[in-house]
There are 2 protein chains.
Amino acid sequence: MLRKEERNSIIEICPVRNVIARFGNKWALLVVLVLSEHEKVRFSELCRLIPDISSRVLSGTLKTLEADGLVSRTTYPVVPPKVEYQLTEMGRTLVPLIVQLTEWAQTNMKKIVAHRKEFEAEDEG
Amino acid sequence: MLRKEERNSIIEICPVRNVIARFGNKWALLVVLVLSEHEKVRFSELCRLIPDISSRVLSGTLKTLEADGLVSRTTYPVVPPKVEYQLTEMGRTLVPLIVQLTEWAQTNMKKIVAHRKEFEAEDEG
DNA sequence: CGGCATCCAGCCGGATACTG
DNA sequence: CAGTATCCGGCTGGATGCCG
């Protein structure tokens, strides 16, 4: 779950790598984004909001985010169980960056895709 | 190299996922960052500037970035071969975002690491 | 010098099934 | 409901070696 330290090297000196590693997580950013839009979200809600994620992976993603202190988890002692997730303060500070990222992506995606096609084409010929 | 389309789902509708996928690439962001600091860089220079990357992986990373149109590659017809990489205009627009990301990381890393330790500790107990 | 080919290990995440 | 357990395929990236 928590990746194990990533052996030595620049990595230890460079905090970025650690963060980026999180973002490498296929669903982490999306989960943060979704949480940023909903205040408090139950596990099953997240499952519905992100249809393609399996419960196992969602669970793992949330646990990582929680471990990092980006997400907090609240359990209610009721039956059936109820658990709510929400962004922490720190988690919320990350949101604007992710949004910018998505905006950049939306702005440039067409060009990128086009360029990629071109590139592959040349590669073939 | 170019990951193959990622099967259907939100993914296709959501450009973000594509971009994030790139950033998931272990070295992509760092390469962009390094390129942003050096204008034109030769392959071997990059190898030195990022000691932990293997030539094979660096090559792949650069090719992906090139395919996306974030990096341009110039070959000089000389012996021994000389190849220079540099950011494209679009690539440069990405740099500020990466920088912000790194700044966020630097700002929050201590807290994150601490939180992670705590979390693991509880988990054990 | 600037790669690509090959090989190979580890991790990531998907599917499925099962619990308190 | 909210996960965990298990199994497993695929991709990523590291090491090494060769080639124009």
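By convention in this document, chain letters (A, B, ...) are assigned in the order of the sequence lines, proteins followed by strands, and residues within each chain are numbered from 1. All values reported here derive from a predicted model rather than from experimental measurement.
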Round to the nearest Å and state the distance from K26(B) atom NZ to dG10(C) atom P. 14 Å
Separation of L30(A) atom CG from dG13(C) atom C1', in whole Å? 15 Å
Does Y85(A) make a side-chain N or O approach to OP1 or OP2 of dC1(D) shorter than 4.0 Å? no
Looking at side-chain heavy atoms only, is the closest gap between V31(B) and V34(B) below 4.5 Å? no
Calculate the interatomic distance between L62(A) atom CG and dG13(C) atom P; express it in whole Å. 13 Å
Interatomic distance, CZ@F43(A) vs OG1@T75(A), rounded to 0.5 Å, equals 14.0 Å
Would you check if L101(A) and F23(B) make a side-chain contact, meaning some heavy-atom pair closer than 4.5 Å? yes
Any side-chain heavy-atom pair from K26(A) and I53(A) closer than 4.5 angstrom? no
N25(B) CG to dG14(D) P: how many Å, rounded? 10 Å
Any side-chain N or O of R42(A) below 4.0 angstrom from OP1/OP2 of dA2(D)? yes
Quick test: give all pairs of protein nitrogen or oxygen and nucleotides 17-20 of chain C nitrogen or oxygen below 3.5 Å, distance rounded to 0.1 Å.
none

Which residues satisfy the side-chain hydrogen bond (donor to acceptor under 3.5 Å, both in side chains) test with R92(B), sequence neighbours excluded? none
E84(B): which residues meet the side-chain hydrogen bond (donor to acceptor under 3.5 Å, both in side chains) condition with it, sequence neighbours left out? Y76(B)
Co-members of V79(B) in a cluster of I, L, V, M, F, W and Y side chains, linked at under 4.5 Å: none
Which pairs with one or both residues in residues 35-49 of chain B pass side-chain hydrogen bond (donor to acceptor under 3.5 Å, both in side chains), sequence neighbours excluded? none
In Å and rounded to the nearest 0.5 Å, what is the CG to CZ distance from D52(A) to R17(B)? 8.5 Å
Could you tell me the separation between the OG atom of S72(B) and the CG atom of L62(B), rounded to the nearest 0.5 Å? 11.0 Å
In residues 70-79 of chain B, which residues come under 4.0 Å of DNA chain C by heavy atom? R73(B)
For K63(A) and dG3(D), what is the distance between atoms NZ and C1' respectively, to the nearest whole Å? 8 Å
So, using side-chain contact (heavy atoms from CB on, under 4.5 Å) as the criterion, who are the partners of T107(B) when residues are at least two apart? none
Round to a whole Å and report the spacing from CD1 of I53(A) to C1' of dC12(C). 12 Å
On a plain distance test, is the side chain of R56(B) in donor-acceptor contact with the base of dT6(C) below 3.5 Å? yes
Which residues satisfy the side-chain hydrogen bond (donor to acceptor under 3.5 Å, both in side chains) test with T93(A), sequence neighbours excluded? W104(B)
Distance check: side-chain N/O of S44(A) vs OP1/OP2 of dA2(D), anything under 4.0 Å? yes
So which nucleotide from dA2(D), dC4(C), dT4(D) ends up closest to the side chain of K82(A)? dA2(D)
Whole angstroms only, please: what is the CZ-C1' distance between F43(B) and dG2(C)? 6 Å
What does the inter-axis angle of the helix from dC1(C)-dG20(D) to dG20(C)-dC1(D) come out as, five pairs per end, nearest 10 degrees? 50°
Measure CZ/R48(B) against P/dC1(C) and give the value in whole Å, please. 10 Å
